[in-house]
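The next block holds one structure in the form of structure tokens; read it before the comments.
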Amino acid sequence: MYMLREVYQAERGKAPEIVAAFKTLSGVLENAGCTNRRIYVDYTGPMDTVFAQWEFDSLDQYFTLEREFYKNPDAEAQALIDAFNSNAKSGYKEIYEIIQ
């Protein structure tokens, strides 16, 4: 089992747009079988930080999902991609193996 975390530093005042995009993405991930989906916003530390994390069974499951999502995005997927790209200053992903 693996956990993926996507972290975005939103443009100043654009954190709500990143949260909305993560909520949409959460629905996509639920349909793909990902579990324990959560969205977090900063309380301390760098302002306008938003991250989401979810769990999936295998790295193959995740990378297949990601490749298919970006391969030929439909209008809804492209809108989601654009929401992250136009409202974030930076972002990164972390993947962890769940031990316990």
Side-chain angles (χ1 to χ4, degrees):
M1 184 71 100
Y2 296 88
M3 186 272 289
L4 183 132
R5 179 180 297 148
E6 286 194 14
V7 181
Y8 283 95
Q9 182 69 43
E11 293 287 348
R12 188 72 181 118
K14 297 294 185 175
E17 285 83 348
I18 299 291
V19 169
F22 272 135
K23 286 180 178 180
T24 300
L25 181 60
S26 184
V28 172
L29 295 170
E30 180 178 18
N31 290 336
C34 296
T35 59
N36 295 327
R37 296 169 316 282
R38 300 259 188 173
I39 300 170
Y40 302 85
V41 295
D42 64 271
Y43 194 70
T44 62
M47 297 169 98
D48 298 304
T49 298
V50 181
F51 74 89
Q53 66 184 41
W54 54 89
E55 295 175 5
F56 48 93
D57 292 327
S58 72
L59 292 174
D60 285 339
Q61 176 192 12
Y62 169 71
F63 288 116
T64 298
L65 174 66
E66 184 175 62
R67 276 191 290 277
E68 289 302 313
F69 185 79
Y70 287 106
K71 188 175 182 180
N72 290 309
D74 60 17
E76 185 178 337
Q78 189 60 55
L80 183 57
I81 293 165
D82 293 343
F84 284 113
N85 289 340
S86 63
N87 292 300
K89 284 196 289 191
S90 64
Y92 61 92
K93 295 180 183 186
E94 302 170 338
I95 298 176
Y96 297 93
E97 182 178 13
I98 299 172
I99 302 301
Q100 183 174 357

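From a predicted model like this one, the values you see are computed outputs, not experimental measurements.
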Residue pair Leu29 / Leu65, side-chain heavy-atom distance below 4.5 Å: yes

Reported OG-to-CD1 distance for the pair Ser86 and Ile81, which is rounded to 0.5 angstrom: 11.5 Å

Verify same cluster id: Met3, Ile39 (apolar side-chain graph, 4.5 Å): no

Donor-acceptor under 3.5 Å (Glu17 side chain, Ala88 main chain): no

Closest approach of Gln61 to Ala32 (non-hydrogen atoms, all atoms of both residues): NE2-O, 3.2 Å

Residue pair Asp57, Met1: steps toward the side-chain contact (heavy atoms from CB on, under 4.5 Å) verdict: CA-CA 5 Å; Asp57 292 327; Met1 184 71 100; 3.7 Å; yes

CZ-CD1 distance between Phe56 and Ile95, expressed to the nearest 0.5 angstrom: 5.0 Å

Minimum side-chain heavy-atom gap Tyr8-Asn87 below 4.5 Å: no

Taking every non-hydrogen atom, the tightest pair across Leu80 and Ala21: CD1-O, 3.2 Å

In a table with atom names and distances, give each donor-acceptor pair under 3.5 Å that connects a side chain of residues 47-54 to protein atoms at least two apart or in another chain.
from: Asp48; atom 1: OD1; to: Arg12; atom 2: NH1; distance (Å): 3.4
from: Asp48; atom 1: OD2; to: Arg12; atom 2: NH1; distance (Å): 2.5
from: Thr49; atom 1: OG1; to: Gln9; atom 2: OE1; distance (Å): 2.9
from: Thr49; atom 1: OG1; to: Pro46; atom 2: O; distance (Å): 2.9
from: Gln53; atom 1: OE1; to: Arg5; atom 2: NE; distance (Å): 3.2
from: Gln53; atom 1: OE1; to: Arg5; atom 2: NH2; distance (Å): 3.1

Glu11/Lys89 ion pair, N-O < 4.0 Å: no

More than 12 heavy atoms from other groups under 6.0 Å of NZ on Lys23: no

Heavy-atom pair with the smallest gap, counting every atom of Pro73 and Gln78: CG-OE1, 3.4 Å

Derivation of the side-chain contact (heavy atoms from CB on, under 4.5 Å) call for Leu25 and Phe22: CA-CA 5 Å; Leu25 181 60; Phe22 272 135; 4.1 Å; yes

Glu66 and Tyr70 side chains, donor-acceptor separation under 3.5 Å: no

